[in-house]
Each structure stands twice: as C-alpha cells, then as structure tokens.
Amino acid sequence: MRTTIIMPVYNTAHAVIRAIDSVLHQTDPDFELIIVNDASPDHADHIITEHLKKVNDSRVRYFLNEQNIGLSETRNRGLSQARGQWLAFLDSDDAFTPTFLERMHHWTNDEIDVVVCAHDVVTRDGNQRTRLRGKTGIFTGHEAMLKLLRDETTPYVWDKIFRASTATGHTFPTINRIEDAAYIIPIYQKARKVRFIEESLCLYSVNPHSVTWGSVPPIQEMYRYMNYLKENTQIHQGSKQEQDALAVTWCLAFLNGAQSALRLGVSNAPNYLKQCQQALAWHIVVRALRTRPVFGAAAFLFKLSPKVYQTFYTRYVQRAYGIG
C-alpha cells in the first residue's frame, strides 16, 4: 500500500464528510484512510457511520475512542494502525484537492523523505487565497529543520507526506497546539532530503472555534514544547545557526500564546501576558532579531507594549484570516 491517511475527528460533524470525500475522490487510488473519532460530543459518529455504509469502501477504517484522549493520542492511534509506505494527515474540517496524492508522489524519488506543498486558506466569508511559505526546491533534512525553526516554512502535518520508514519511532507528543511542529522537527532532522513544491493541494478552513483559534495554551505548554525540542534534537547544544533558529522558535511560541490571550480577551490576560514577557528574555530576543528581524522586532515590541503589539497583530489576522 502506498499511502496511509490519518484523519482525527472532533466536533466537526458539519465538515467531516467533505474531508472524507476529498480523500475518496483522489486520482491516486492506492491509499488507506484511517478515521479516528476522539469521542466527539456532536453527531459526527452517526454521520460518519452512515456515510461509510453508503460508500462501502474497503480502503477506509473507522475507529471510535471510548473517551476523549486529545489530538496527539488520537493521531497516534491512527499511526499504530498505519500500513502504508507513506504517511499523510488530514484534519476533519479541511480537505485535499483531488490530485493531492498523485502530485505529491510525483515529486518523490529514492532520496526524498518528505514532500511539502502550498495550500489555500479559506476564510469564514468564503474568500480563498493560496499561501506558499518560503522557497521551493530540494533541501537536506537539516536545512528543512532550520527553515521550520525560523518559520520559513509551514509547521503543519496536513500539507506534507512522510516516508513511513523515516517517521518510524516518531509519535505526536501531548503538547497543546504545538504538536504538529513537535512531530515534524525531529523527522526533518532524520530525513535525507525534503522537497518543497509550489502547487497548492490542500484547503485549510479557518475555524474561529478550533483549538488553534479558540483557545489559549497554558504557559507551561510552551516550556514543555521547547524542552521537548531540546531533548529530541539537542540543537540547543549545536551550532550557532541551530541555536539562532531555536531562539526564533522560542519567541514565536510565546508570541503565539500572547496573541491568543490578546485576541480572546481572557480574564487572566494581564498575568498571562506578563509571564510571556518574562519568558522572552532579552538575549533570546536579540538573537531572534539577528536571525529573523520581523519576529525579533515583534518580540521586542511585545515586551515594551502588549497594547501596541495587539494593534498590529489584530490588523494582520483580520487581513490574513478574516478573524477579528
């Protein structure tokens, strides 16, 4: 079997059939789809069960968690069942274009261990735009890892295919909201070559009620993420280039948490923002400023004035994602 596609499901009864059908309508038919319902409280189980009865496709396997175990462990359950030579992931409120598998595999060869495509962002009002982050071409796994750490490429799993033999032994850690990057970075470090292509082959739907947009990650989760990267990559003890890239990731982790608190207006925002400011030590900010000036400057501004920072950030998410 060529590709295993893993789809976690939670609170997406309104969109899951579109996601399933986007897989079943692939022009490359050599795949299996593993759907894992994480005890979704809506009627997703009924909708999925009835739809799978209609399509009657032996390539689809459906699992229902007895209790909610979270996104990471739900994906890991799918990984434990995977039989494909390649791995792909799709969130149940997103979709693949019909040629996703065909075109992604077109760009593989004996040395390519990961392929990364562009994607279309679909906002709440139906607007759609293609997003390609960073340069295309073939990079070593180490180069791809540094690109991700510097936010020069996407930190998502759903715009990629991974060679299963390269990803063997890697699972998703239970780290709130940053599990994708935590899964990808060690795989990049292990990969021989990673190819980035300009074709947009995924549809990412902005959902203001999703975990990404509708929650604030606990401060300790950002520290856990950074410690996880250190323990699994050792790049904090690596070259200056690696340590500089890690400084950018550190800044982005705490800026993203601060952005959520500012956007959602949570009651503990003042204390939360203060902790984010403290985490962004000046030596880390300066290091990020040298490596990725835009993020270093953002961290600098946030430390000086969260209110001014919020003004710029609010304009950005309204323009890029249609979220106020």
Side-chain angles (χ1 to χ4, degrees), residues 1-12 15-26 28-40 44-45 47-49 51-52 55 57-66 68-97 100-102 104-105 108 113-117 119 154-175 177-188 191 201-205 210-212:
M1 183 179 301
R2 195 178 199 184
T3 312
T4 294
I5 301 165
I6 297 170
M7 181 187 298
V9 176
Y10 188 78
N11 263 350
T12 52
V16 66
I17 300 305
R18 181 188 71 149
I20 293 172
D21 285 347
S22 79
V23 175
L24 298 182
H25 296 156
Q26 289 294 301
D28 175 0
D30 190 6
F31 67 83
E32 66 172 353
L33 171 61
I34 298 176
I35 305 170
V36 188
N37 183 339
D38 191 21
S40 183
D45 178 50
I47 287 179
I48 293 169
T49 301
H51 189 65
L52 294 184
V55 299
D57 195 318
S58 61
R59 296 173 299 178
V60 184
R61 288 187 285 158
Y62 177 51
F63 300 89
L64 177 63
N65 293 341
E66 293 184 2
N68 180 260
I69 59 176
L71 176 59
S72 290
E73 289 303 323
T74 297
R75 282 175 172 162
N76 290 339
R77 185 179 183 186
L79 282 172
S80 71
Q81 300 291 326
R83 300 177 296 200
Q85 298 173 336
W86 291 81
L87 301 171
F89 300 88
L90 180 63
D91 290 345
S92 53
D93 54 354
D94 296 332
F96 288 152
T97 65
F100 174 82
L101 290 177
E102 178 185 348
M104 294 290 269
H105 284 296
T108 63
D113 290 327
V114 186
V115 179
V116 186
C117 66
H119 60 271
T154 60
Y156 319 119
V157 293
W158 40 260
D159 59 355
K160 299 169 178 65
I161 60 171
F162 304 86
R163 191 183 297 274
S165 59
T166 302
T168 297
H170 294 279
T171 56
F172 289 86
T174 53
I175 301 175
R177 276 183 45 175
I178 322 177
E179 55 277 302
D180 282 30
Y183 177 75
I184 298 165
I185 289 170
I187 293 177
Y188 275 175
L201 301 171
C202 312
L203 300 177
Y204 166 65
S205 298
S210 67
V211 172
T212 300

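Since the model is a prediction, treat every value here as computed from it, not as a measurement.
Not one N or O on the side chain of Asp113 forms a donor-acceptor pair closer than 3.5 Å with the backbone of Arg163. No donor-acceptor pair under 3.5 Å is formed between the side chain of Thr108 and the backbone N or O of Met104. Although no hydrogens or angles enter the test, the distance criterion places a donor-acceptor pair under 3.5 Å between the side chain of Ser72 and the main chain of Pro173. Checked by atom type and distance alone, the side chain of Thr4 pairs as donor or acceptor with a backbone atom of Arg83 at under 3.5 Å. Counting only distance, with no hydrogens or angles, the side chain of Asp57 and the backbone of Arg59 share a donor-acceptor pair below 3.5 Å. Remark: the backbone N or O of Phe96 is paired with a side-chain donor or acceptor of Ser22 at under 3.5 angstrom. A side-chain donor-acceptor contact under 3.5 Å links Asp94 to the backbone of Ser205. With hydrogens and angles disregarded, no donor-acceptor distance shorter than 3.5 Å links the side chain of Asn68 to the backbone of Ala39. Checking side-chain atoms of Ser40 against main-chain N and O of Asn37 turns up no donor-acceptor pair under 3.5 Å.
Contact annotation: the side chain of Asp91 never approaches that of Met7 to less than 4.5 Å [non-hydrogen atoms, C-beta and beyond]. Put simply, the side chain of Ile175 does not reach to within 4.5 Å of the side chain of Tyr183, judged on heavy atoms. For the pair Phe100 and Cys202, the minimum side-chain heavy-atom distance is below 4.5 Å. The shortest side-chain heavy-atom distance between Thr3 and Leu87 does not fall under the 4.5 Å cut-off. Considering only heavy atoms from C-beta on, Asp159 comes within 4.5 Å of Val116 through its side chain. Using a 4.5 Å heavy-atom cutoff, the side chains of Ile161 and His105 are in contact. At least one side-chain heavy atom of Ile20 sits less than 4.5 Å from a side-chain heavy atom of Ile35. Side chains of Thr174 and Glu73 form a contact here, defined as non-hydrogen atoms less than 4.5 Å apart.
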>> Let's go through Asp93 and Thr12 carefully: what are the C-alpha distance in whole Å and the side-chain angles of both, what is the deciding distance for side chain to side chain donor-acceptor pair (under 3.5 Å) to 0.1 Å, and is it a yes or a no?
In response: CA-CA 6 Å; Asp93 54 354; Thr12 52; over 6 Å; no
> Can you check side chain to side chain contact (heavy atoms under 4.5 Å, CB included) on Ile6 and Leu90, steps first, answer last?
Replying inline: CA-CA 6 Å; Ile6 297 170; Leu90 180 63; over 6 Å; no
>> Does Ser80 form a side chain to side chain donor-acceptor pair (under 3.5 Å) with Arg75? I'd like the steps, not just the answer.
In response: CA-CA 9 Å; Ser80 71; Arg75 282 175 172 162; over 6 Å; no
> Would Thr74 and Ile69 count as a side chain to side chain contact (heavy atoms under 4.5 Å, CB included) if you check the C-alpha gap in whole Å, the side-chain angles of each, and the deciding distance to 0.1 Å?
Replying inline: CA-CA 7 Å; Thr74 297; Ile69 59 176; 3.6 Å; yes
> Please walk me through it: do Leu71 and Asp38 pass side chain to side chain contact (heavy atoms under 4.5 Å, CB included)?
Replying inline: CA-CA 8 Å; Leu71 176 59; Asp38 191 21; over 6 Å; no
>> Apply side chain to side chain contact (heavy atoms under 4.5 Å, CB included) to residues Ile5 and Glu32 and explain how you reach the verdict.
In response: CA-CA 6 Å; Ile5 301 165; Glu32 66 172 353; over 6 Å; no
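Aromatic pair Phe162/Tyr188: centroids not less than 6.0 angstrom apart. Taking the six-membered ring for Trp and the full ring otherwise, the centers of Trp158 and Tyr204 sit less than 6.0 Å from each other. A distance below 6.0 Å separates the ring centres of Phe172 and Phe89.
Of the candidates Met1, Gln26, Arg2, Gln26 is the only one forming a side-chain contact (heavy atoms from CB on, under 4.5 Å) with Phe31.
A donor-acceptor contact under 3.5 angstrom links the side chains of His51 and Asp21, judged on distance only. When only modelled atom types and interatomic distance are considered, Tyr62 and Asp45 share a side-chain donor-acceptor pair under 3.5 Å.
Here the closest non-hydrogen pair linking Ala181 and Pro186 is O-CD, 4.4 Å. Taking both residues in full, the closest heavy atoms of Ala19 and Ser92 are given as CB-O, 3.6 Å, listed atom of the first, atom of the second, then distance.
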